[in-house]
Amino acid sequence: SRGRIYLQIGNPTQSSVDANRAIELLNFNFITLGWDYYRPTRDQQLADAYELLDDANTELERPDEANAAYDWASYFR
């Protein structure tokens with residue numbers, strides 16, 4: 001993902017922005033009942049986004065935010 005590339009090239013701030021935007025979009029776009037079929041896919045993508053957010057926050061030396069993101073990633077796995 002683009003956010004992962006940002007992290008790899010040393011831009012954890014932009015990586016964090018991308019991860020948060022992905023989480024926002026995934027939560028917003030899958031709130032209706034008709035999307036239940038796609039819930040496993042959405043949950044996997046949310047787990048990936050939260051894992052990226054965990055990594056970005058770790059690089060940014062934000063341990064509390066990193067731990068919270070890790071917990072969410074674990075929840076969706």
Side-chain angles (χ1 to χ4, degrees):
S1 74
R2 184 177 72 177
R4 183 64 57 193
I5 298 296
Y6 280 127
L7 192 61
Q8 290 172 347
I9 64 171
N11 192 344
T13 300
Q14 189 60 47
S15 180
S16 175
V17 169
D18 279 14
N20 279 309
R21 183 67 177 143
I23 292 164
E24 179 183 309
L25 289 171
L26 288 164
N27 282 323
F28 177 76
N29 288 332
F30 288 93
I31 58 174
T32 61
L33 293 175
W35 290 99
D36 284 345
Y37 175 79
Y38 296 101
R39 186 182 186 112
T41 301
R42 183 211 62 160
D43 287 353
Q44 178 63 49
Q45 291 173 341
L46 276 169
D48 293 344
Y50 276 113
E51 184 177 307
L52 176 60
L53 186 58
D54 170 31
D55 293 343
N57 282 323
T58 298
E59 288 292 317
L60 291 167
E61 298 180 2
R62 299 177 182 159
D64 292 337
E65 291 90 342
N67 287 334
Y70 176 83
D71 289 344
W72 278 109
S74 296
Y75 172 80
F76 285 109
R77 292 246 184 254

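Note that the structure is predicted; figures quoted are calculated from it, not measured.
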Within residues 6-25 or reaching into it, pairs that qualify as salt bridge (Lys or Arg N to Asp or Glu O under 4.0 Å) - sequence neighbours excluded: R2-D18, R21-E24
Distance in Å, I5 CD1 paired with Q14 CD, rounded so as to fall on 0.5 Å steps: 13.0 Å
For residues 55-74, which residue pairs qualify under salt bridge (Lys or Arg N to Asp or Glu O under 4.0 Å), counting only residues two or more places apart or in two chains? R4-D55
Keeping S15 on the side-chain end and N11 on the backbone end, is there a donor-acceptor pair under 3.5 Å? no
Between L7 and A56, which heavy-atom pair has the shortest distance, and what is it? CD1-CA, 3.9 Å
State plainly whether one hydrophobic cluster holds both Y70 and Y75, where clusters connect Ile, Leu, Val, Met, Phe, Trp and Tyr through side-chain heavy atoms under 4.5 angstrom apart. no
Got a second to check how far F76's CZ is from D43's CG, nearest 0.5 Å? 5.5 Å
Work out which heavy atom in L46 is nearest to a heavy atom in N27; give both atom names and the distance. CD1-OD1, 3.8 Å
Which atoms form the tightest heavy-atom contact between A19 and A49, and what is the distance? CB-O, 3.6 Å
Taken to the nearest 0.5 Å, the spacing of L26 CG from Q44 CD works out to 11.0 Å
Is it the case that one hydrophobic cluster holds both Y38 and Y50, taking links as side-chain heavy atoms less than 4.5 Å apart, direct or via other members? yes
Out of N20, T58, D48, which residue meets the side chain to side chain contact (heavy atoms under 4.5 Å, CB included) rule with L53? N20
Could you see if I23 belongs to whatever hydrophobic cluster contains W72? Use Ile, Leu, Val, Met, Phe, Trp, Tyr and a side-chain cutoff under 4.5 Å. yes
Go through the structure and list residues passing side-chain hydrogen bond (donor to acceptor under 3.5 Å, both in side chains) with E51, not counting sequence neighbours. R77
